[in-house]
2 protein chains.
Amino acid sequence: MQTQTTPTAPQPQASGRSLEHPRREAIRLEDVLHALSDPMRMRVVRTLAEETCELSCSVFDLPVSKSTTTHHFRVLRECGVIHQIYRGTAKMNALRRADLDALFPGLLDSVLAAAALQEGRLGGDGS
Amino acid sequence: MQTQTTPTAPQPQASGRSLEHPRREAIRLEDVLHALSDPMRMRVVRTLAEETCELSCSVFDLPVSKSTTTHHFRVLRECGVIHQIYRGTAKMNALRRADLDALFPGLLDSVLAAAALQEGRLGGDGS
DNA sequence: CAAGTAGTACGGCGATCGTCAAACTACACT
DNA sequence: AGTGTAGTTTGACGATCGCCGTACTACTTG
């Protein structure tokens, strides 16, 4: 399911401004746990984990305002959980799986599994 | 290693006031992650995980005031991470391993392993 | 160029957080 | 009874959090 338009020209690549990402070694466990302790951000991370490709911010459609959405994505990026790049007008998001797995082996998987299990227990709506 | 005084009377058991603990099913992943995202509380949990027996609050000697210590233990109890009972003048703490492992398999272990790994990376002092 | 789309920056708001000191309660031991 | 030890409660503080709306920038497409 690729989104290419022209076979010859590559699609809009990393354009314009640059985003700051922490280096792998600078990622801190406390920050990651804190980032994941917010339901909105957990939702983003779970969605990102299900997909293999990058997702733009807009596909998430969180039940909060646009500025709050921006805020949550920024928290996730600044603590090293996701990687973001600009692609045309969109900003693409991807989980930093390799970095997280290298730093904290098994952590992401057990958190994701725990979230899925809890969602099952609570009937899926989380309330 | 019992602390009995009289052969007839059992040692200081769960005395006086009662402490509220969430039922196993009421433990929420967000709350656990939030609780663990604080360095002070992580330290407590890691120490508790190393010991097999209960530990009193006072053996931790956290670099914060007594009231702050009380606060952190309360957060840990109320979110279901630890179990506390009064035993004489002391308050004994234990990790709710069985509950956490049942609810979130592998989570606690990977968090503890991640904390240990990170401590190694950062040289042990965590700063 | 104009219009539209995707996301940002900048306050500001109320709630929560981590922290403390001071006064207090509960229990043990002399 | 009196002293000491362990932990609690309250109220306060500054910092951070999650959230919003408004105004803005960057890119795409007509």
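Proteins get letters first, then strands, A, B, ... in listed order; numbering begins at 1 in each. No experiment lies behind these values; they were computed from the predicted model shown.
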Considering just the side-chain nitrogens and oxygens of B:S58, establish if one lies under 4.0 Å of OP1 or OP2 belonging to D:dG7. yes
Whole-Å distance between C:dT16 P and B:E30 CD? 15 Å
Using a strict cut-off of less than 4.0 Å between a Lys/Arg side-chain nitrogen and an Asp/Glu carboxylate oxygen, indicate whether A:D31 and A:R28 qualify as a salt bridge. no
Does OP1 or OP2 of D:dG7 have a side-chain N or O of B:R74 closer than 4.0 Å? no
Please determine, for the side chain of A:D38, which listed nucleotide (D:dG18, C:dG18, D:dG7) has the closest atom? D:dG18
Nearest-Å distance, CZ (B:F60) to P (D:dG7)? 10 Å
Would you say D:dG18 has OP1 or OP2 under 4.0 Å from some side-chain N or O of A:R41? yes
Nearest listed nucleotide, side chain of A:A90, among C:dA6, D:dC20, C:dT19: C:dA6
What is the distance from CG of A:L76 to P of D:dG18, rounded to the nearest Å? 10 Å
Report the distance from atom CD1 of A:I85 to atom P of C:dG7, rounded to the nearest whole Å. 13 Å
I need the CE-P distance between A:M42 and D:dG18, as an integer number of Å. 13 Å
B:Q84 versus B:E54, side-chain donor and acceptor atoms under 3.5 Å: no
Atom pair distance, as rounded to whole Å: CE in A:M40 and C1' in D:dG18: 9 Å
For C:dT19, take OP1 and OP2 only and decide whether either is under 4.0 Å from a side-chain N or O of B:H72. yes
Tell me whether the side-chain N or O atoms of B:S65 pair up with the base of C:dA21 as donor and acceptor below 3.5 Å, since no angle test is needed here. no
Between B:H71 (NE2) and D:dC13 (P), how many Å, whole number? 18 Å
Please give, in whole Å, the distance from C:dG7 P to A:Q84 CD? 10 Å
Options D:dA6, C:dC10, D:dT10, nucleotide nearest the side-chain atoms of A:S67: C:dC10
The side chain of A:T89 lies closest to which of these nucleotides: D:dA6, D:dC27, C:dC20? D:dC27
Does some side-chain heavy atom of B:H83 sit less than 4.5 Å from a side-chain heavy atom of B:I85? yes
Distance check: side-chain N/O of B:H34 vs OP1/OP2 of D:dC17, anything under 4.0 Å? no
I'd like to know if A:T68 reaches the base of D:dG18 with its side chain, counting only an N/O donor and acceptor under 3.5 Å. no
Regarding the side chain of A:K66, the nearest nucleotide among C:dT19, D:dA6, C:dG7 is C:dG7
Are B:H34 and A:H34, when compared by the centres of their aromatic rings, separated by less than 6.0 Å? no
Is there a donor in the side chain of A:S110 and an acceptor in the side chain of B:S110, or the other way round, less than 3.5 Å apart? yes
